[in-house]
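Just so you know, ligand 1 is whichever comes first in the structure, and atom 1 is the first atom listed for that ligand.
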Amino acid sequence: MQIQVDSQPYASIQSDALVTYVFHADDKLDGPLADIDRAMMGGLATLVASGELTGKSLELVLLHFPEGMDAKRLLLIGAGKRAKFEVGDLRKIAGTALRYLKSRGVKNFVFLAREGERSAAVAQAIAEGLIVADFESDKYRSEKKNNKEIQSVSLAGFDSGAASDLNAAIEKGRVIAESQNFARDLINEPSNRLTPRMLAAKAEAMAREVGLGIEVLDDRKIAELKMGALLGVAQGSVEPPRVIVVRYEPQTPRPGAPVLGLVGKGVTFDTGGISIKPADNMEKMKYDMGGAATMLGAMRALAFLKPSVSVIAVIPTTENMPGGRAQKPGDVQVAMSGKTIEVINTDAEGRMILADGVTYAKKLGVTHLIDAATLTGAIQVALANVHVGAFGTPREYLDQFLDSAKAAGEKMWPMPMDDEYQEMIKSNIADIRNTGSGKGGGAITGAWFIKEFAEDTPWIHLDIAATCWVDEGRPWLAKGPTGVAIRSIVDFAMKQ
Ligand code: BES
Ligand code: ZN
Ligand code: ZN
């Protein structure tokens, strides 16, 4: 799909559709909407008066052969209240336009931004919205549900003098959104087509393509490094584990600059192990490598965007299976850091592999940590499918990250890390246990377990268990993997 700025007057651009948006209730039909209304001899005002065009968020009104325009269709999308409108809303609006028009066989359209919404940041958001919306999960369907394709989108209404800035912003949006889609492709892969070794091979191919450093630790090397927590999880499977290390180095490193470590949970299938999960919905546990995909997607984007700090991704990857050699509840494992772990529940495996991932990242010299993981069902109880659960210490470091999440238009909510929760992972026979004693707070005790290994290194933990996959499609997003958190991590890395 081509996306470009077109500086011709929008009314004379030949296209299958002209798309713009209308604010709720108070829309003055000003600027280009006033022109369109005039060309249609008051047609828009009539639609508003009749109550058919209200501007309610994501309301769609499609008109064919609009008068006075060279476009074959006019699509008006509700933008909600003008006072609550944010640049990020344009992602959803542009994405909704794309999916709606694509399903109708439209090949190209013009997206008209309104006054006040014509900056480079807007062009970037629109490009991101379009490319993320264009993703479908139909790789394994013989008859593709959607062989329809949008070939080209022109952004209109922008200042033509700023065309080169705008095109650079579109390219930035493309890199980020395509990296999100790269992660979504990985998350969609079933576990028989994405074992830990295959995930490593895909990471290698990506790293080569975009010019990142990569090293894959095999099971022998993992044993040599004494990653006992990762090995404890992996021992129930015939598939060997891997640790994938991807590196980005800036051209001219700043002396004393931070080194950012990105640790992603790469469980390619989570049966629960001996503490086995029920059959219902177990197929979804192929997406338990969502954290790994997130970090690989973020690295892919950073390879193009070139932040000024070093970034190292560390991805422990394994299956969690109930094989004859599987670890059992009550077993004690010695993590790479030397801490001993009592395995109360073999289904709390993500925190164990992250423990060794975090220890190894610190050994490689990272000064700041972010981990992403489909860690707990409890985060869905706390925040539903709306917010990513964001944990971190010190609090200022988390706040800095939440600013990036806001800038990237991703909903994340800060979760508490009080010492009382740490008490809940004390073990009777080892240093810590892998589940909380007592009731509730499952997402927080999970976070605390990881912090036991991050220790005093500034650290952020993103529990994406409830947000990295959506069962219901949205007007701007296909159902399935979302690619959440990549935009925030990229924004954060670019600001270091
Ligand atoms: N992979 C799961 C968490 C999960 C649940 C991800 C639902 C996506 C959707 C994780 O390994 C797990 O099983 N966590 C347990 C922890 C418990 C045993 C303390 C959970 O949340 O039930
Ligand atoms: Zn589990
Ligand atoms: Zn899991």
Quick one: the O of Asp347, the Zn ion (ligand 2), OE1 of Glu349 angle, rounded to 10°, please. 70°
Within ligand 1, which atoms have a heavy atom of Glu349 less than 4.0 Å away? 11 (O)
Looking only at protein heavy atoms, what sits closest to atom 21 (O) of ligand 1 is Gly377 N, 2.7 Å
Any side-chain heavy-atom pair of Lys426 and Ile432 under 4.5 Å: no
Of Asp347, Asn345, Val233, Thr374, the residue with the heavy atom nearest atom 15 (C) of ligand 1 is Asp347
Considering heavy atoms of the protein only, find what lies nearest to atom 2 (C) of ligand 1 and give residue, atom and distance to 0.1 Å. Asp270 OD2, 3.5 Å
Aromatic rings Trp459 and His461: how do their planes relate, parallel, tilted or perpendicular, breaks at 30° and 60°? parallel
For Tyr287, take its heavy atoms, then give the atoms of ligand 1 lying under 4.0 Å from any of them. 8 (C), 9 (C)
Look at the side chain of Lys286 and the backbone N and O of Thr268, then say whether any donor-acceptor pair between them is shorter than 3.5 Å. no
Would you call the rings of His368 and Tyr397 parallel, tilted or perpendicular, taking 30° and 60° as the class edges? tilted
Below 4.0 Å, non-hydrogen atoms only: which portion of Leu375 touches ligand 1? Side chain, backbone, both or neither. backbone
Below 3.5 Å, N or O to N or O, backbone or side chain included: is there any such pair between Ala465 and ligand 1? no
Under 3.5 Å, is there a donor-acceptor pair linking the side chains of Glu396 and Gln400? no
Of all the N, O or S atoms in Asp288, which one sits nearest to the Zn ion (ligand 3)? OD2
Counting only heavy atoms, tell me which of Met285, Gln380, Arg351 gets closest to atom 7 (C) of ligand 1. Met285
State the atoms of ligand 1, each with its element, that fall below the 4.0 Å cut-off from a heavy-atom position in Thr435. 19 (C)
Residue Lys265 vicinity, atoms of ligand 1 by number, heavy atom under 4.0 Å: 1 (N), 10 (C), 11 (O)
Is it true that Thr359 and Ser337 share a donor-acceptor pair across their side chains at a distance under 3.5 Å? no
Main chain of Ile131, side chain of Asn181: is a donor-acceptor contact present, judged purely on distance under 3.5 Å? yes
Show which atoms of ligand 1 fall inside a sub-4.0 Å distance from at least one heavy-atom site of Lys277. 2 (C), 12 (C), 13 (O)
Between Glu452 and Gln422, does the side-chain hydrogen bond (donor to acceptor under 3.5 Å, both in side chains) criterion hold? Intermediate values first, please. CA-CA 9 Å; Glu452 291 282 351; Gln422 184 182 22; 3.0 Å; yes
May I ask you to check whether Lys265 brings an N, O or S atom to under 2.8 Å from the Zn ion (ligand 3)? yes
Nearest to the Zn ion (ligand 3), which N, O or S atom of Asp270 do we find? OD2
Ring-face cation of Arg104 near Tyr100 (centre distance under 6.0 Å, axis angle within 45°): yes
Can you tell me if Asp356 uses its side chain to pair, donor with acceptor, with the backbone of Leu230 under 3.5 Å? yes
